[in-house]
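Input: a single structure, listed below in structure tokens.
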Number of protein chains: 2
Amino acid sequence: MSRREEVIVAATELFARDGFHAVGMRAIAEAVGIRGSSLYHYFPSKLDLLHAIALDSTRAFIETQLPSVEAFPSYADRIRQLIQAHVLYFHVHRQEEAVGLRELQELRENAPARYAEIQAIRRSYQDALERMIVAGMAAGEFECEDAHLAALAVLGLVNSVNDWFRVTGHYTIDHVAVSYAQIGVGGILGGR
Amino acid sequence: MSRREEVIVAATELFARDGFHAVGMRAIAEAVGIRGSSLYHYFPSKLDLLHAIALDSTRAFIETQLPSVEAFPSYADRIRQLIQAHVLYFHVHRQEEAVGLRELQELRENAPARYAEIQAIRRSYQDALERMIVAGMAAGEFECEDAHLAALAVLGLVNSVNDWFRVTGHYTIDHVAVSYAQIGVGGILGGR
DNA sequence: GTCTATATTGAGATAGAC
DNA sequence: GTCTATCTCAATATAGAC
């Protein structure tokens, strides 16, 4: 792992726990074993560091997700797989994804172009889900009134898991992934 | 409105837009028309101010929500009403609720007792919803496998609305409230 | 209840040696 | 690529006058 990657990993962990503004450059540097000023060799500013984290995590998620569904013939199975993979990925990478979701507003206020870049990627994922829902409706697999609202509902559902799931709780993440896939496809989308 | 309330309103607006750590005491004071040091007459610290906002907004929400459902005879109608009222309340009070949700972690790290206090209130709401689901299942109104997981799914769904809803968009908040109530009761809970 | 003045600390960032 | 040293600014909070 390059030093630059080490910085990203350390910063992600700290940002996820304490929030972007609560973490100083010195704290990030200390976690890597260098001095604060050395960070500026890799990132011109703290905001650039946040941008790198948010962009990397968003890209990695999308690039993992979308190909995972192509093998399934029915739209119901594709979306079931998408939801399961989404829940599992967000659990494994919960720190990056927490930062990517929570601190997006920071970029929105202070770096609109970079915010737009990341939002466009997220949006492409949402659109892909919505197209699957529309296609599934046309194929008679789903019964729902509004594909756009249904896509938002499914994403709201899966993104909420990390707010409450703890490995010390009563469920395994695999159980939650399967259950939420059923709630999404069988419940929200009215799939058979 | 008392000055103390003015401070809370101004701080809520700023915290909601920029985040707790990005807003200085001076900025809050300026929004009210006083000096930074005068804020300490009302709140002993910035964290106390955040606690007041989070506690007030959480209490106000619960006290509005739970009585609103009592008039309905069936559990399906109660939960439908609960979801609708939840979506509408979170829209009208989106600033307070955004702060109450997003900055909870700040309290969790720096004031565990106060965090626990607020979490207990939120938990009582979640438990009330879960009991309605259990009762509805017993009455044959719902078809779902796990009331606890279903309650979490419903809350995840309704809490996600403020992440994407904009008054300038294609939907009215009333339409979303009705649609999400249907998705919740007819979809997630398998209600008839 | 609000002010001025200030204590104290730490932030993000830069310059320039090595 | 990392360091020391430092700039500049703003943060939370306090003391004490009015």
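Numbered from 1 within each chain, the chains take letters A, B, ... in sequence-line order. All values reported here derive from a predicted model rather than from experimental measurement.
- For the pair R35(A) CZ and dA5(D) P, the computed distance is 10 Å after rounding to whole Å.
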Summarise how protein sits on nucleotides 11-18 of chain C as a single string, 5' to 3': B when a protein heavy atom is under 4.0 Å from the base, S for sugar-phosphate-only contact, - for no contact. BBBB----
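- Between the Q105(A) side chain and the A16(B) main chain, a donor and an acceptor come within less than 3.5 Å of each other.
- OP1 or OP2 of dG1(C) has not a single side-chain nitrogen or oxygen of S38(B) nearer than 4.0 Å.
- Here dT2(C) presents its P atom at 6 Å from CD1 of I34(B), a figure rounded to the nearest Å.
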Can R131(B) and D127(B) be said to form a salt bridge (charged side-chain N to carboxylate O under 4.0 Å, His left out), step by step? CA-CA 6 Å; R131(B) 281 195 302 274; D127(B) 288 344; 5.3 Å; no
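- Using modelled atom types, one finds a donor on one side chain and an acceptor on the other under 3.5 Å when comparing S45(B) with D48(B).
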The test is salt bridge (charged side-chain N to carboxylate O under 4.0 Å, His left out); show your working for R3(A) and E6(A) and say whether it passes. CA-CA 5 Å; R3(A) 178 119 291 179; E6(A) 283 186 75; 3.7 Å; yes
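- Distance, L50(B) CG to dA13(D) P: 12 Å, rounded to whole Å.
- Under the 3.5 Å distance criterion, the side-chain polar atoms of K46(B) are matched with a main-chain donor or acceptor of V23(B).
- For the residue pair E106(B)/N110(B), the side-chain donor-acceptor check at 3.5 Å is satisfied.
- When rounded to the nearest whole Å, the span between CD of E30(A) and C1' of dC3(D) equals 16 Å.
- For dG1(D), one of the phosphate oxygens OP1 or OP2 lies less than 4.0 angstrom from a side-chain nitrogen or oxygen of H41(A).
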